[in-house]
Peer 1: 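First the structure, then my questions, so here it is.
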2 protein chains.
Amino acid sequence: MVRRQATIADVARTAGVSRQTVSRVVNNKGEISAQTRQRIRAIIEELGYRPHVIASSLAGGRSRHIGLVITNPAEEVPTNPFFLSVIYGASTEAEKREYGLVIRYAPADEVIRLRENVFGRGQVDGIVVLRAHRDCAAAFGGRGPDQLPVVLVGDFPPDCQCPFVDIDNTSGGHLLAEHLLEHGYRRIAVVCHSPAGHASADRRVQALLDAFRLRDLPVAREAILWTDSTLPDAYRKALTVVRGCRPPQAIVATNDWTAMVVLRAIHDTGLRVPEDVAVVGFDDLPLAAYLEPPLTTVVFSGFDLGRSALERLICRIETGAPAGSAHLPARLVIRRSCGCPLQPPLEPDPFGPVELSLSGERRGAELLPLASDGLPVAPGSWPAPEARSSPGQRSIGNV
Amino acid sequence: MVRRQATIADVARTAGVSRQTVSRVVNNKGEISAQTRQRIRAIIEELGYRPHVIASSLAGGRSRHIGLVITNPAEEVPTNPFFLSVIYGASTEAEKREYGLVIRYAPADEVIRLRENVFGRGQVDGIVVLRAHRDCAAAFGGRGPDQLPVVLVGDFPPDCQCPFVDIDNTSGGHLLAEHLLEHGYRRIAVVCHSPAGHASADRRVQALLDAFRLRDLPVAREAILWTDSTLPDAYRKALTVVRGCRPPQAIVATNDWTAMVVLRAIHDTGLRVPEDVAVVGFDDLPLAAYLEPPLTTVVFSGFDLGRSALERLICRIETGAPAGSAHLPARLVIRRSCGCPLQPPLEPDPFGPVELSLSGERRGAELLPLASDGLPVAPGSWPAPEARSSPGQRSIGNV
DNA sequence: GTGAAAGCGCTAACAC
DNA sequence: GTGTTAGCGCTTTCAC
């Protein structure tokens, strides 16, 4: 005999109550006598009854699902590992609130259509968009009668009509500035990963300058070097700074790739990091920890970004209150390039953009102290062999 | 007046037909006179009717959703970028087949429970599990009446009861062997990223040996160096090989992290790569392209893995035919460490584990040829500043 | 505290 | 080709 999955009617019949009563027990809604509740619970257990999500969605008018749209600008492949942290954060929050998370990739200019069509009729109760276009923000501002609520993840103007969450480049800049000031550095230079006018670099630089100006240590305009977004240009600019008549005590790169090039320029000039000049970056790329010296950098939590977006969206869905926007704070990852002494090996940040093995061969206690021999790292030798154990731990591709 | 979303009944009434007829038009099912179809189409358009997915799920008994479970072994953070490629592939295929993709993280030992409870009643029509435990495979083998179909992604025995897809380490090993043989290398050594007995390394090594043996070029047992999964050990082993009385013409590392350490060992011995000895790896980590020299390596497509898993699952769902398992072929990424001449800059692999900017500031034509000056890369200087432009392109954390 | 009735919006099965 | 009937399994509303 084929045993059909038990329905709410089966439970009700067995318990000798109405389906409504069972529904109340299942959803913890309304007043139920403790005795009835207990009896029904037992029967549910016995019959192996599980609510049918689809049916309750239809009847209740809420699917308890959220759509997560990952935007892929033309020609770009949406496999930035940072996204995965965002997804993980979103999924974690969804699970906690007992929502399903429906994921979908889409070109940025199709997002609006997506809300109307694909996710249009009851499939999801709201949408989170990763890195939406600015014009989406405008389109999603108005909350019409049948419009799904939306929360954006990315960089939007403060007066954005649509709620959003973003990383806080400004707090990142401040954090870094404070740390450099604590080191006693007074003369700094900044090498940017882009020309002026690009949001993330602008914000990082501005925050840095503000913090120094607040201490009456204004940074000269000449000490801010914008680039054309290429590494060779960054290298030239870094050389200029380092070989100037009065080299800075610290160089801030506005991202880690740029920081790497700065490190090279400094070395090529015959100076040492951090003894002669400190270097810091932004983003905490997986390789930042492996550089020589390991790079002090600012990290933003994708996990928190995803979690926060879902939190806001679900709150909006369930209470109807407008979601509101937020910038999530940065965190400083102190390694050696800033001049700090060798740090004890840190546990990997549970929420950071860390690569991990698919092979399940991870071992707990294999992290060794990072190399500190100060010797030049050889070609192709990076990282230093003493630098880290457990290669399997970070390998990619072993499924 | 609040304009309610049009239902199938609205369309039917307006068209003067039954709801069933409208349903047929919408789903392209059954024979409909061209005229009726056209009229209904027009009315659908006019009314802005969109099918209610939930309602059709309930009525049709199929949700047109697939659950994607991402397994996180204890204490490990599931943010391996390789996963993101898998997710992307899965999502792409789901979209093509018009399925929704519900994503969910879970400890490996809860996957079985997940199938029964969370995804149990109609929420999804099938499940894909990333890196399930071996015992899940057994549990999912039996296809009972109410059991959701499952496809696994990962390494399972050939006689696995449950259909799975996996990367083909064996083809990867062969590919690499063929290439080394084409270079004319006869004497090779292998440095493994793990002890013997670990599936991925075992398979890679075995395939390599088989290919060489087939040419009557057996690899000596002493030339296979297993490690304790730590980089320092790999470094020691690599030194042993390189400093032996007859150093090999090529060294295969079973993953890229290990390959990096091998590169260092070779340099520390005063030899050059690839002139004195060639080096190749596995996995194509994002950094492989940036090493000096750029690393020739074997890559597996996470995208294809995800796509294939969904393809099989959906086929199983729609036809009822058993899904069957497969190993997806590897691809060789030829750079310079194998002795090949400098390659022209390649477009980023659209499906590979590539990091990309969140900032949307990507520029098209900024890729420059990789550095080939042959100079030692300085401490912390990696990559060479000429090596690559467009730092923003690979930055992480700019949302 | 509990129950009865009336759908949610759609599709399956069969009739015509 | 098209319509009719009967649900899918649950929640909502209101009655008692």
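These numbers come from the heavy atoms of this one structure, side chains and all, not from hydrogens, waters or symmetry mates. Here is the naming used below: chain letters follow the sequence lines, and residue numbers restart at 1 for every chain. Everything numeric in this text was worked out from a predicted model, so none of it was measured.
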Peer 1: How close or far is atom C1' of D:dT2 from atom CG of B:Asn27, stated in whole angstroms?
Peer 2: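 Interatomic distance, CG of B:Asn27 to C1' of D:dT2: 16 Å.
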Peer 1: Whole Å only: how far is the CZ atom of B:Arg64 from the P atom of C:dT11?
Peer 2: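 Distance, rounded to whole Å: 11 Å.
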Peer 1: If we ignore hydrogens and angles and just use 3.5 Å, is the side chain of B:Asp125 paired with the main-chain N or O of B:Arg64 as donor and acceptor?
Peer 2: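 Side chain of B:Asp125 to backbone of B:Arg64, a donor-acceptor pair under 3.5 Å: yes, one is there.
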Peer 1: B:Ile54 has an atom CD1; how far is it from atom P of C:dG7, in whole Å?
Peer 2: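 Taking atom P of C:dG7 as the reference, CD1 of B:Ile54 is at 21 Å.
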Peer 1: Compute whether any side-chain donor of one residue and acceptor of the other, for B:Arg37 and B:Ser33, lie under 3.5 angstrom apart.
Peer 2: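 There is no such pair (donor and acceptor under 3.5 Å, judged by atom type) between the side chains of B:Arg37 and B:Ser33.
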Peer 1: Nearest whole Å is fine: how far is C:dG7 P from A:Leu58 CG?
Peer 2: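 Answer to the nearest Å: 14 Å.
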Peer 1: Would a distance-only check, ignoring hydrogens and angles, find a side-chain to backbone donor-acceptor pair under 3.5 Å from A:Thr36 to A:Ile32?
Peer 2: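 Judged by distance alone, no pair lies under 3.5 Å.
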Peer 1: Return all side-chain donor-acceptor pairs below 3.5 angstrom for residues 19-29 of chain A, not counting sequence neighbours, or 'none' if the list is empty.
Peer 2:
from    : atom 1 : to      : atom 2 : distance (Å)
A:Thr21 : OG1    : A:Ser18 : OG     : 3.1
A:Ser23 : OG     : A:Asn27 : ND2    : 3.4
A:Asn27 : ND2    : A:Ser23 : O      : 3.0
A:Asn28 : OD1    : A:Arg41 : NH2    : 3.4

Peer 1: Applying a 4.0 Å non-hydrogen cut-off, can you work out what A:Ile32 is touching in the nucleic acid: base, sugar-phosphate, or nothing?
Peer 2: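 If one applies the 4.0 Å heavy-atom cut-off, A:Ile32 turns out to touch the sugar-phosphate alone, with no base involved.
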Peer 1: Check whether any side-chain N or O of B:Ser33 sits under 4.0 Å from OP1 or OP2 of D:dT2, and answer yes or no.
Peer 2: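 Checking B:Ser33 against D:dT2: at least one side-chain N or O falls below 4.0 Å of OP1 or OP2.
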Peer 1: Does C:dA12 have its OP1 or OP2 closer than 4.0 Å to a side-chain nitrogen or oxygen of B:Lys29?
Peer 2: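 Checking B:Lys29 against C:dA12: at least one side-chain N or O falls below 4.0 Å of OP1 or OP2.
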Peer 1: Among D:dG9, C:dA6, C:dG1, which is the nearest nucleotide to the side chain of A:Arg19?
Peer 2: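 Nearest to the side-chain atoms of A:Arg19, counting from C-beta on, is C:dA6.
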Peer 1: Write down the distance between CZ (A:Arg24) and P (C:dG3), rounded to a whole number of angstrom.
Peer 2: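 To the nearest whole Å, that distance equals 8 Å.
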Peer 1: Hey, could you give me the CG/CG distance between B:Leu101 and B:Leu310, rounded to the nearest 0.5 Å?
Peer 2: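 Spacing of CG (B:Leu101) from CG (B:Leu310) equals 6.0 Å.
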Peer 1: Could one point to a donor on the side chain of A:Gln20 or the base of D:dT12 with an acceptor on the other under 3.5 Å away?
Peer 2: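 Yes, a donor-acceptor pair under 3.5 Å.
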Peer 1: Ignoring the backbone of A:Ser18, work out which of C:dC8, C:dA4, D:dG3 is nearest its side chain.
Peer 2: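 The answer is C:dA4, which lies nearest to the side chain.
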Peer 1: Tell me: CZ of A:Arg62 to C1' of C:dG9, nearest whole Å?
Peer 2: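 For the pair A:Arg62 CZ and C:dG9 C1', the rounded distance is 18 Å.
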Peer 1: Nearest to the side chain of B:Ala59, which nucleotide is it out of D:dT2, D:dC8, D:dT11?
Peer 2: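 So the side chain of B:Ala59 is nearest to D:dC8.
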Peer 1: Measure from NE2 on B:His52 to C1' on D:dC10 and round the result to the nearest Å.
Peer 2: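 One finds 13 Å between C1' of D:dC10 and NE2 of B:His52, rounded.
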Peer 1: Among side-chain atoms of B:Arg50 and B:Gln5, is any donor-acceptor pair under 3.5 angstrom?
Peer 2: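 On atom types as modelled, these side chains do not qualify, holding no pair under 3.5 Å.
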Peer 1: Closest-nucleotide mapping onto DNA chain D: is A:Ser57 or B:Glu31 further toward the 5' terminus? I mean the 5' end.
Peer 2: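 So the residue in question is B:Glu31.
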Peer 1: For A:Arg104 and B:Glu95, what are the C-alpha separation, side-chain angles and deciding distance, and is it a salt bridge (Lys or Arg N to Asp or Glu O under 4.0 Å)?
Peer 2: CA-CA 8 Å; A:Arg104 171 120 189 174; B:Glu95 186 180 333; 3.4 Å; yes
Peer 1: Do any of residues 36-45 of chain A sit with a heavy atom less than 4.0 Å from DNA chain C, and if so which?
Peer 2: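 Close to the strand are A:Thr36.
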Peer 1: Rounding to an integer number of Å, can you tell me how far B:Asp10 CG sits from C:dC10 C1'?
Peer 2: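 One finds 13 Å between C1' of C:dC10 and CG of B:Asp10, rounded.
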Peer 1: Work out which heavy atom in A:Ala132 is nearest to a heavy atom in A:Phe156; give both atom names and the distance.
Peer 2: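 Closest approach of A:Ala132 to A:Phe156, heavy atoms only: O-CZ, 3.5 Å.
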Peer 1: Let's see if you can work this out: which of C:dG3, C:dT11, C:dG7 has an atom nearest to the side-chain heavy atoms of B:Ser23?
Peer 2: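 In terms of side-chain proximity for B:Ser23, the closest of C:dG3, C:dT11, C:dG7 is C:dT11.
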Peer 1: Considering only side-chain heavy atoms of A:Thr7, which listed nucleotide, D:dG9, D:dT13, D:dG3, is closest?
Peer 2: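 Looking only at heavy atoms from C-beta outward on A:Thr7, the closest nucleotide is D:dG9.
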